[in-house]
Amino acid sequence: MKSIENMPKTYDPAGSEDRIYQNWLDKGYFHAVVNPDKKPFTIVIPPPNITGQLHMGHALDNTLQDSIIRFKRMQGYETLWLPGTDHASIATEAKIVDKMAQEGLKKEDVTREQFLERAWAWRKEYGGRIVNQLKKLGSSCDWERERFTMDEGLSKAVTEVFVRLYEKGLIYKGERITNWCPRCNTSISDIEVIYEEQDGHFWYINYPFADGSGSLMIATTRPETLLGDVAVAVNPEDEKYKDLVGKELILPLVGRRIPVIADDYVELGFGTGAVKITPAHDPNDFNVGARHNLEVIQIMDSRGVINENGGKYCGMDRFEARKQIVKDLEAEGLLVKVEPYKHNVGTCQRCGTTVEPFVSSQWYVKMKPLAEPAIKAVRDGKTRFIPQRFENIYFNWMENIQDWCISRQLWWGHRIPAYYCADCGKIIVAREKPAKCPDCGCETLEQDPDTLDTWFSSALWPFSTLGWPENTPELKYFYPTNVLVTGYDIIFFWVARMIFSGVEQMGEVPFRHVLIHGLVRDEQGRKMSKSLGNGIDPLEVIKDYGTDALRYSLISGNSPGNDQRFLTSKVEFARNFGNKIWNATRFVLMNFDDGVDFSNVDRADFTAEDKWILSLQNRLIKEVTDNMERYELGVALTKVTDFIWDVFCDWYIELVKPRLFDPENKSRLACMYVLNRVLVNSMKLLHPFMPFITEEIYQNLIKDAESIMISKWPEADDSLIDEAAEKELGLVIESIKSIRNIRTQMNVPNSVKTTVIFVTGSENFALIDESKGALKRLGFAQEIVTAEDESEAPGDSATAIIPGAKIFIPLRELIDVEKETARLTKELENIEYELKRVGGKLANEGFISKAPQRLIDQEREKLAKYEELRKSTAERLEKVKSMKELRKSTAERLEKVKSMKNN
RNA sequence: GGAGGCGUAGCUCAGCCGGUUAGAGCGUUCGGUUCACAUCCGAAAGGUCGAGGGUUCGAGUCCCCCCGUCUCCACCA
């Protein structure tokens, strides 16, 4: 074992990670195949946008997935983590438009084909960037199966689904009011609208009656829409306005005669009770208009510019028009007042522009029939959310779902497979462009110019990536996938849509579990955002601390569904932990004999501490495996860390040193064996989280090792669970802690070695004897003495009384009687408190009759233990007190002698 | 308007199905250069688990209500 030569004092991630990752790639460990001999375990990646740059959200999401997939791989599943990217129609199109703007070009300056050429070129150049960044994270994706939402196969899936839904009557085209972004110049779906509270105004405007009998006052937050008003509505129950219904008003600035109508939609007591109705530019007004058969007058174009219906305001931007209209109303004396008003304004998720409700012809998916079975599937537990509370969010949305607007006035994306006959106008939805119109035989057919919402293709991701609509072996084997890992922010956008698509197209949910995580915030708890400039680049963190440290910091100390703050102190801790295990390994290797051979280790040579740590590690394996299976990664990682640092490094290694350094010791080989075994297993348990350093250590530790990532996940061996050993070592550790505590309190420097006297039952003699080396080392003792009776201990000893032993440390003049008294008094108080608590419990009739026997026995045992401790501690305290008196009187005598002399 | 999260040590957070003396990291105080590691080791201080009520033999954990805080959904011109 000369590996130690490769191991400097501190672990250097930069020197290892790329090399290790390349090796994994070369060996093909990430690749999954259809293997009937193994059970599959599948995750499909949430495909990042090709415009994406790795951010902390990706880092968290992918670290979770990689940790799960590595765990399952080691458990022996045929694991597929299927990666890929999303074409992100609107985001990418915006990038291309921006880039063209730099050349002084507008989108309209090029043809659709030229534009798409640019887009594909852009994709080729930048689309792989995020993939390489995912690799830096250590992601063990099957890169041979990488997919892109606009690949040929996936596009075919999109067309297939569109056609099927259309044929089932679940996709229709309709002229409706939709959310529209004037900047992106496209329709957007309801969930792409972000409502923001903004400071606005309430403008109160008088609409004069046509008969000259005064006027009716309305209030609006968007005065420019006045141009499209076709009525004013009041509530039919409104006494104030009852007589006005049916009368006509003159629309200010426009002069159009519009009726006063009655509609329930108007809320009594809000505003003036009279509402202007603009069907073309407000969704509620659109519905009112439909009920009353009102005209729909569009006054703006798709860019938010007032059109010819706006008369003299034609050509003005909507906000410019707003100002001018207010000014003109004021001039005409029709503006009554202006009030400041806070209200919610819909903005475009992509660009932040105020959304404009806009009437246009769009394609919709009829949602109710799709939602129902998807709701049922989750109700029936076919898919479970972790944590479960997110199911409520899913249900709430799905139960109140509106039809989904899927057409976009964009070029980059999947083009809608609908064709229009130039002659008769028939709409033909088909997988391939038909040769001629089936109705009129006309051969001029135009394909719909629009593309589909990006999420339409993402919704098919779990099966389109596996080859659907072909019935591939992959699809059969890997579908449904096991777990989907994603943030709560895209449950509606993506998770819900995958579920109803999977249920509809495959007849089976796309995944069994949905593991939801929260956001990674900055140190102050703010959302990381470009505008705040508070984002932390994961690649920078990797550069400074290593990938494993980053991954560790993202997983540890947080639980599913909760947001977390990104703390540099946490990354530092993780880096330190890496270094700790690195050095533990160095220590182990340093002390191994050359060519050490464990094949003839005799279990009979195992000492108490060997049995103890093997027992604890086997408990750990059970717990961690259980936590991993329940996706409690944070808990699992904490447990592994505590075990490695506290149990293995701080106790086991320290306890074992006397044996290891003594070439004559007969259990030396056993100890090397245990060191090796425990360390290797620990690295395996840690590997899903810290893949690189564990691989590096594994390679150093095991000669000719292939790779930790394909090694077998440790299995617990119940025969190694040893309660007696745990109890014994518990006593040793408690003893050492007590000794250290006393020494610190009494300010005894480490250089001063003391004698330690154990008064303990004979059953522990052998144990103390066996542990002498460790006790001496760790308790800074010169010698360890066992005694039958405490009378053998000198009076001027500090004492620790613990269950199973009384420990005396003769300190002579070093002893501080005051402190010792205080310490023992506090000890006694604690014991009394516990006695009261336990005693009370056992005196409780209800506890005795209803609590499980196991607990009652435990409490009884405790009571006996504390009673014993109280007796011993009280006795000891009395002795120390009398010692104090003695000292005091001695001091007084001395004083006396002195003063006599002076006289 | 509806739904949900969070409130546990100075800070950031764990704490599953209710059951040892409620934990960790950072920070703080004190002490440590013997050959794995100062990216370290040892010792310690620090919490009536937001308030109140209830269920229970037993509540940080379950229920109700209130306070504070954050988020999501809906959206009233």
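Protein chains get the first letters and strands the later ones, always in sequence-line order, with residue 1 at the start of each.
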Sugar-phosphate only, base, or nothing, as touched by A/Tyr341 at under 4.0 Å among non-hydrogen atoms: sugar-phosphate
Within 6.0 angstrom of A/Lys240 NZ, more than 12 heavy atoms from elsewhere: yes
Give one of base, sugar-phosphate or nothing for A/Trp645, where a contact means two heavy atoms less than 4.0 Å apart. sugar-phosphate
In whole angstroms, how far is the C1' atom of B/U20 from the CD1 atom of A/Ile802? 17 Å
Mind checking what makes salt bridge (charged side-chain N to carboxylate O under 4.0 Å, His left out) contact with A/Lys639, not counting sequence neighbours? A/Glu623
Consider the side chain of A/Asn844, meaning its heavy atoms from C-beta on, and name the nucleotide among B/C75, B/C57, B/C13 that approaches it most closely. B/C57
Which protein N or O atoms sit under 3.5 Å from an N or O of nucleotides 47-50 of chain B?
none

How would you label the contact of A/Lys776 with the nucleic acid (heavy atoms, under 4.0 Å): base, sugar-phosphate, or nothing? nothing
More than 12 non-hydrogen atoms from neighbouring residues, nucleotides or ligands closer than 6.0 Å to CZ on A/Phe661, yes or no? yes
Identify whether any heavy atom of A/Arg740 sits under 4.0 Å from a base atom; if not, whether one sits that close to sugar-phosphate; answer base, sugar-phosphate or nothing. sugar-phosphate
For A/Glu523 and B/C13, give me the distance from atom CD to atom C1', rounded to whole Å. 13 Å
Check: B/C37 base within 3.5 Å donor-acceptor of A/Lys9 side chain: no
Donor-acceptor pairs under 3.5 angstrom involving side-chain atoms of residues 857-867 of chain A: please list them, not counting sequence neighbours.
| from | atom 1 | to | atom 2 | distance (Å) |
| --- | --- | --- | --- | --- |
| A/Asp857 | OD1 | A/Gln853 | NE2 | 3.0 |
| A/Glu859 | OE2 | A/Lys862 | NZ | 2.8 |

Whole-angstrom distance between B/C66 and B/G7, as gauged at atom C1': 14 Å
I need the full list of ring pair (Phe, Tyr, Trp, His ring centres under 6.0 Å) pairs touching residues 560-584 of chain A, with sequence neighbours left out, sorted by first then second residue. A/Tyr11-A/Trp582, A/Tyr552-A/Phe577, A/Phe573-A/Trp645, A/Phe577-A/Trp645
Does A/Lys622 pair with A/Asp626 as a salt bridge, N-O distance under 4.0 Å? no
Using salt bridge (charged side-chain N to carboxylate O under 4.0 Å, His left out) as the criterion, list what pairs up with A/Arg384, not counting sequence neighbours. none
What integer number of Å spans the P atoms of B/C11 and B/G58? 33 Å
List in chain and number order the residues that pass side chain to side chain contact (heavy atoms under 4.5 Å, CB included) with A/Val326, two or more places apart in sequence or in another chain; answer none if no residue qualifies. A/Trp203, A/Pro223, A/Leu335
How is A/Lys527 classified with respect to the nucleic acid when contacts are heavy atoms under 4.0 Å: base, sugar-phosphate, or nothing? nothing
Test side chain to side chain contact (heavy atoms under 4.5 Å, CB included) applied to A/Phe780 - qualifying residues, sequence neighbours left out: A/Arg743, A/Asn750, A/Lys753
Could you state the CD1-P distance from A/Ile490 to B/C73, rounded to the nearest angstrom? 14 Å
Residue A/Gln745, side-chain atoms from C-beta onward, closest of B/A44, B/C41, B/A77: B/A44
Between A/Phe648 and A/Tyr652, what is the ring plane arrangement, given parallel below 30°, perpendicular above 60°, and tilted in between? parallel
Residues at least two apart in sequence or cross-chain that pass side chain to side chain contact (heavy atoms under 4.5 Å, CB included) with A/Asn583, listed by chain then number, are A/Asn579, A/Arg586
So A/Asn392, base contact, sugar-phosphate only, or nothing? Heavy-atom distance under 4.0 Å. nothing
Test: A/Lys657 cationic atom under 6.0 Å from A/Phe587 six-membered ring centre, within 45° of axis: yes
How would you label the contact of A/Gly557 with the nucleic acid (heavy atoms, under 4.0 Å): base, sugar-phosphate, or nothing? sugar-phosphate
Considering non-hydrogen atoms only, spot the tightest contact between A/Leu620 and A/Val640 and give its length. CD1-N, 4.2 Å
A/Ile581 CD1 to B/C37 P, straight-line distance once rounded to whole Å: 16 Å
Please classify the nucleic acid contact of A/Asp489 as base, sugar-phosphate, or nothing, using heavy-atom distances under 4.0 Å. nothing
Can you name the side chain to side chain contact (heavy atoms under 4.5 Å, CB included) partners of A/Leu567, sequence neighbours left out? A/Glu523, A/Arg565, A/Ser569, A/Lys570
Between C1' of B/A38 and CZ of A/Arg575, the distance in whole Å: 12 Å
What nucleic acid atoms does A/Glu654 come within less than 4.0 Å of, heavy atoms only: base, sugar-phosphate, or nothing? base
Measure CG/A/Asp190 against P/B/A74 and give the value in whole Å, please. 7 Å
In whole angstrom, what separates A/Asn591's CG from B/C37's P? 11 Å
Any base atoms under 4.0 Å from A/Phe577, or only sugar-phosphate, or nothing? Heavy atoms, all strands. nothing
Shorter than 3.5 Å, N or O on both sides, protein versus nucleotides 22-27 of chain B: list them out with atom names.
none

What stems show up for RNA chain B when you take Watson-Crick pairs (N1-N3 plus N6-O4 or O6-N4) and G-U wobbles (N1-O2, O6-N3), both under 3.5 Å, and require three or more consecutive pairs? B:1-7 with B:67-73, B:10-13 with B:23-26, B:28-32 with B:40-44, B:52-54 with B:62-64
Considering only nitrogen or oxygen atoms on both sides, find all protein atoms under 3.5 Å from nucleotides 15-19 of chain B and state each distance.
| from | atom 1 | to | atom 2 | distance (Å) |
| --- | --- | --- | --- | --- |
| B/C16 | O2' | A/Arg630 | NH2 | 3.4 |
| B/C16 | O2 | A/Arg630 | NH2 | 3.3 |

Going by the angle between their ring planes, with limits at 30° and 60°, are A/Tyr488 and A/Phe390 parallel, tilted or perpendicular? parallel
Mind checking if A/Val588 touches a base, just sugar-phosphate, or nothing, with heavy atoms under 4.0 Å? nothing
